[in-house]
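Counting convention: from 1, in listed order, for ligands and their atoms alike.
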Amino acid sequence: MHILVIGGAGYIGSHVVKALLQRKMKVTVFDNLSTGTKLNLFKEADFIEGDILNYNQILDALKQNVDGIVLLAGKKAVGESMENPMKYALNNINGVINVLNAMVEAGVKKAIFSSSASVYGTPLYTPLDEKHPENPMSFYGFTKLETERFLKWYDQLKGVKFVSLRYFNAVGYDEDGDIKGLEENPQNLLPIVMEAVIGKREKLKIFGNDYDTPDGTCIRDYIHVTDLATAHALALEYLDKGGESQILNLGTSLGSSVLEMVHKTEEVVGKKVPFEFAPRRAGDPAIVTAKPDKAFEVLGWKATHSDLKNIIASTWNMYKNL
Ligand code: UDP
């Protein structure tokens, strides 16, 4: 299969490219390099610099005998989406519509879409299965849910088959060190912990220690990006065998608290994590964990890289020499 990985120079995209290459797929990366970097490109994959907001660019790329796409390009900062919904509407909705329309025009019928646990909003129960009501609390989550609805219609009306993968908390880095690009201005917990360890920031602020959890800090389902990447490869193989469209959670079912992440980091890297407790962050639920059984049933997928030690060690590898 020849796969166009849209957003393949980014953090998750580059790991996906590696997983597809390992499974002997031909890969072309399409990326506008706005947050992605050439450091994340593989010499075995072709590269097109282009933007999903430019219809002709994406159409031309899809016309290069592409069998399927992985669509990762988009904006992903929850906080920013609440301040600048226009940017998210443009990139995460208009951009996706462009890609879908170009797929129809080019006759490409297989799409893997990067979605998010944020489509569920505040959990009514955990672990979350795919039947949990969808009630996004952020504009970002709303754009992901809307896109899934577009995908369902394009399947019904135009036969575009899709697998939408709802990521829980993506963490870690390639364990072979093949991916070199570090995300700039990280907004997520583990990179912030690392920056506190190396002194790039003074302290980690832990948002709330009065939650109804064993240690009072929030619990999340941290999933290694290499495990996420494998799911994309399996999903493409599933669609190639004629599988029906699916929406699948990708997580471990296990949860770790913020304090557990801090203490495990101290153990793995052998250094203190300077931190202080700060007020709760608006919109943070106490516990978010995934029930990943459907991904196992449909794809045979299960997390195998996601123990905390692996996650932290592979992240530390990227930060220790900064
Ligand atoms: N968190 C924190 N301090 C930070 C960043 C995150 O305490 O500087 C906490 C946050 O409240 C949440 C967890 O770490 O409970 C994971 O947050 P992140 O932003 O990485 O992902 P989210 O679960 O919000 O998608």
Side-chain angles (χ1 to χ4, degrees), residues 10-12 35 74-83 88 92 114-123 126-128 132 134-145 165-173 182-225 228 249-266 273-290 306 308 311-312 314-315 318-319:
Y11 167 56
I12 298 178
T35 52
K75 299 282 158 203
K76 62 166 192 173
V78 171
E80 185 190 43
S81 78
M82 301 297 272
E83 278 153 30
Y88 282 70
N92 293 10
S114 64
S115 185
S116 158
S118 62
V119 300
Y120 297 115
T122 305
T126 54
L128 290 149
H132 186 284
E134 291 138 352
N135 185 22
M137 303 298 284
S138 66
F139 193 79
Y140 165 76
F142 162 76
T143 64
K144 291 292 167 184
L145 184 58
L165 299 171
R166 292 178 173 172
Y167 312 150
F168 281 62
N169 289 63
V171 281
Y173 276 89
L182 256 192
E183 282 196 292
E184 286 187 18
N185 304 320
Q187 310 280 327
N188 294 111
L189 176 67
L190 198 52
I192 291 174
V193 167
M194 294 294 159
E195 289 193 352
V197 172
I198 62 173
K200 196 168 172 201
R201 63 175 73 213
E202 197 194 341
K203 276 181 190 156
L204 162 73
K205 284 186 171 30
I206 296 184
F207 300 138
N209 62 343
D210 57 351
Y211 283 95
D212 187 14
T213 59
D215 66 21
T217 64
C218 288
I219 292 177
R220 294 289 180 273
D221 190 332
Y222 295 94
I223 175 88
H224 197 297
V225 65
L228 291 183
N249 284 345
L250 296 182
T252 64
S253 83
L254 304 172
S256 306
S257 74
V258 179
L259 272 177
E260 279 176 280
M261 295 299 275
V262 165
H263 293 139
K264 196 72 183 174
T265 300
E266 291 181 334
V273 178
F275 71 85
E276 65 187 7
F277 292 116
R280 290 182 177 199
R281 186 172 66 176
D284 264 347
I287 304 179
V288 184
T289 53
S306 294
L308 283 192
I311 283 170
I312 292 166
S314 63
T315 310
M318 298 290 290
Y319 280 85

Original post:
When Tyr88 is tested against each of Lys76, Glu83, Glu80 for side-chain hydrogen bond (donor to acceptor under 3.5 Å, both in side chains), which residue passes?
Top reply: Glu80

Original post:
Closest heavy-atom contact between Asp221 and Phe168?
Top reply: O-CB, 3.6 Å

Original post:
Per the side-chain contact (heavy atoms from CB on, under 4.5 Å) rule, which among Leu190, Val193, Ile198, Val197 passes with Tyr319?
Top reply: Ile198

Original post:
Just wondering, are more than 12 heavy atoms of other shown residues or ligands nearer than 6.0 Å to CD in Glu202?
Top reply: no

What does the N/O contact table under 3.5 Å look like for ligand 1?
residue  : atom   : partner : partner atom : Å
ligand 1 : 3 (N)  : Lys205  : O            : 2.7
ligand 1 : 7 (O)  : Lys205  : O            : 3.4
ligand 1 : 7 (O)  : Phe207  : N            : 2.9
ligand 1 : 11 (O) : Asp284  : OD2          : 2.6
ligand 1 : 19 (O) : Arg281  : NH1          : 3.4
ligand 1 : 19 (O) : Arg281  : NH2          : 3.1
ligand 1 : 20 (O) : Asn188  : ND2          : 3.1
ligand 1 : 20 (O) : Leu189  : N            : 2.8
ligand 1 : 21 (O) : Asn169  : ND2          : 3.1
ligand 1 : 23 (O) : Asn169  : ND2          : 3.0
ligand 1 : 23 (O) : Arg220  : NE           : 2.8
ligand 1 : 24 (O) : Arg281  : NH2          : 2.8

**OP:** Would you please name every residue forming a side-chain hydrogen bond (donor to acceptor under 3.5 Å, both in side chains) with Thr289, sequence neighbours left out?
**Re:** none

**OP:** For the pair Glu134 and Lys144, find out whether any cationic side-chain nitrogen is under 4.0 Å from an anionic carboxylate oxygen.
**Re:** no

